[in-house]
Amino acid sequence: MKNKKNFDLNKVFRSIVRKHPKKVAIDFGDNKQYTFKELDDLSEQILQIFYNLDIKHNEIIAVDSVKNFYAFALIIACIKNNNPYSFIEISKYNYRLSNILKTLKPKKIFLFEKKKITNSYILSEKSFVKLPKKSLIKKNNIFKKNKIAYIMFTSGSTGQPKGVPITHKNLSYLINWAKKTFNFSSLSVVSNLNPLHFDNSVFDIYGGLFNAATIVPFEKAELSYPEELIKKLNITNCETWFSVPSLLNYILEIENAKIFQNINLKNIIFGGERFPINAVRKIYPYLKKTNIYNVSGPTECTCICSVKKLSKKELFKSDNISIGKINKYFKYYILDENKKKSNEGELVLLGPAVANSYFNEKEKNKKKFFKNNKIKGYYTGDIVKKFKKNEIKILGRADNQIKLMGHRVELEEIENQIINIFKIKECIIKIEKELGYPWQKLICQISKNDKKIKPIFFKKLKDKLPSYMIPKELIFTDKFKYNKNGKLERN
């Protein structure tokens with residue numbers, strides 16, 4: 001598959017269906033398997049529903065982040081009809097979700113069960129009862145420049161999440177890279193441990209499914225039972241595991257490392273957080289011919305921009321694992337505090353896998369995106385250092401953004417929500433390692449004069465923020481310290 005200027009995911013999928021119609025595309029376990037032909041057929045039926053709902057080309061579709069066969073067929077239908085889609089978490093309607101929907105302005109929100117959300121359509125078996133066998137929609141095979149495949153939302157410093165539109169062409173580089181790096185093909189079986197509304201799932205779907213591999217989806221509840229998780233990986237013959245480090249840390253908190261002794265994985269890949277070096281050391285003796293990788297990359301640069309394959313020597317020698325070399329379809333440079341090129345400073349990525357902009361965010365685009373000789377560029381905000389062999393290590397962030405359970409979280413978003421909800425003057429959110437556990441927690445610090453909010457603090461935040469952004473602890477301070485510019489002194 002070549003990176004042609006008019007790269008079209010629809011053509012790639014049609015080619016896979018022609019070559020591998022009976023190959024299993026989605027394997028949910030428990031004998032719930034669906035072939036590429038069945039995935040194609042269901043997407044055609046969904047196209048008929050689009051037609052009945054008057055959904056036209058280029059109109060945005062929002063989809064509840066639930067892993068079922070309909071959800072994956074919706075992806076294919078959106079690609080065929082040139083409808084940008086966005087998976088959103090609708091477990092509970094809250095202020096953050098409301099902001100996302102206001103930004104997206106979707107033509108329709110697809111749900112899989114009844115929920116109190118306007119402009120929604122419930123996709124279920126009943127949806128197909130009266131549909132004609134053939135779709136009435138005329139296929140749109142005309143290439144349009146910068147055709148958007150999906151919009152992925154990240155945290156926003158002002159309390160407004162940022163949408164990142166990723167195009168068909170952006171994805172062509174990820175698909176090719178996954179194929180060459182991990183030898184993905186019609187013989188491969190790739191896990192889908194990541195939530196669909198989370199950036200890491202892009203690797204599973206496009207790196208896997210669009211290389212004719214089988215993908216094995218895991219719902220959130222399944223990840224809570226390590227024995228069942230491992231059993232499903234084995235039953236479905238999964239070869240590749242890709243997750244945030246937090247998942248492995250969680251498993252080893254409730255299970256012995258020996259749980260991995262009978263697992264048959266070719267690749268274990270971690271990304272989204274600091275590499276879990278201690279946890280990997282525990283399971284390493286039980287792995288048979290398994291390659292261990294550390295990957296990194298911002299949502300704005302199509303999921304992954306670097307990879308590091310770790311040797312046994314590196315795993316047990318160093319505690320500070322690099323993110324490896326920047327992938328060849330990126331150019332990059334590192335800027336010091338004076339915006340001069342250096343071996344240490346902010347990582348800047350350029351190339352065809354970089355998104356064009358944030359969705360409907362003119363001011364933020366000026367600060368984060370640019371063009372250099374017609375090549376798109378993005379200021380990542382990651383503070384890095386380049387070592388020998390051009391390997392990169394992440395030292396920290398230039399802003400107050402953190403990675404928590406794999407999610408990008410800007411601390412100001414939480415702070416702004418708390419200030420606005422409780423009508424207080426100021427607060428600080430900080431992150432600390434949770435005592436006795438390998439993961440971190442958020443702590444909210446506010447003035448002792450605002451103690452009255454304590455009884456309602458956590459309950460109110462549940463209506464405004466997703467669970468991973470809610471502080472685990474609330475503490476009160478006599479007074480805040482300020483720097484010479486009048487800003488809160490976080491340190």
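When reading the values below, keep in mind they use all heavy atoms of this one structure, side chains included, and skip hydrogens, waters and symmetry mates. Numbers here are sequence positions counted from 1.
In this pair, Phe369 and Tyr378 present their aromatic rings tilted. The plane angle is within the 30 to 60° band. The aromatic rings of Tyr329 and Tyr173 are tilted relative to each other, their planes meeting at an angle between 30° and 60°.
No donor-acceptor pair under 3.5 Å is formed between the side chain of Ser306 and the backbone N or O of Gly324. Asn170 places no side-chain N or O within donor-acceptor distance of the main-chain N or O of Ile166, the cut-off being under 3.5 Å.
Rounding to the nearest 0.5 angstrom, the gap separating the OG atom in Ser311 from the CG atom in Asn291 is 11.5 Å. Between atom CD of residue Glu89 and atom NE2 of residue His197 there is a gap of 4.0 Å, rounded to the nearest 0.5 Å.
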Side-chain polar contacts of residues 382-396 - donor-acceptor pairs under 3.5 angstrom, sequence neighbours left out - could you list them?
residue, atom, partner, partner atom, Å
Asp382, OD1, Arg397, NH1, 2.9
Glu391, OE1, Lys308, NZ, 3.2
Glu391, OE1, Ser322, OG, 2.9
Glu391, OE2, Lys308, NZ, 2.7
Lys393, NZ, Asn320, O, 3.2

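Taking the six-membered ring where the residue is Trp, the centroids of Phe457 and Phe422 are separated by under 6.0 Å.
With respect to Lys441 and Glu473, a salt bridge is recorded, a charged nitrogen being found less than 4.0 Å from a carboxylate O. By the 4.0 Å N-to-carboxylate-O rule, Asp336 lies too far from Lys341 to be salt-bridged with it.
Under the 6.0 Å distance and 45° angle rule, Lys162 counts as a cation-pi partner of Tyr358.
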Query raised in the report: Going through the checks in order, is the ring pair (Phe, Tyr, Trp, His ring centres under 6.0 Å) test met by Phe50 and Phe110?
Result: CA-CA 11 Å; Phe50 283 7; Phe110 279 85; 5.7 Å; yes
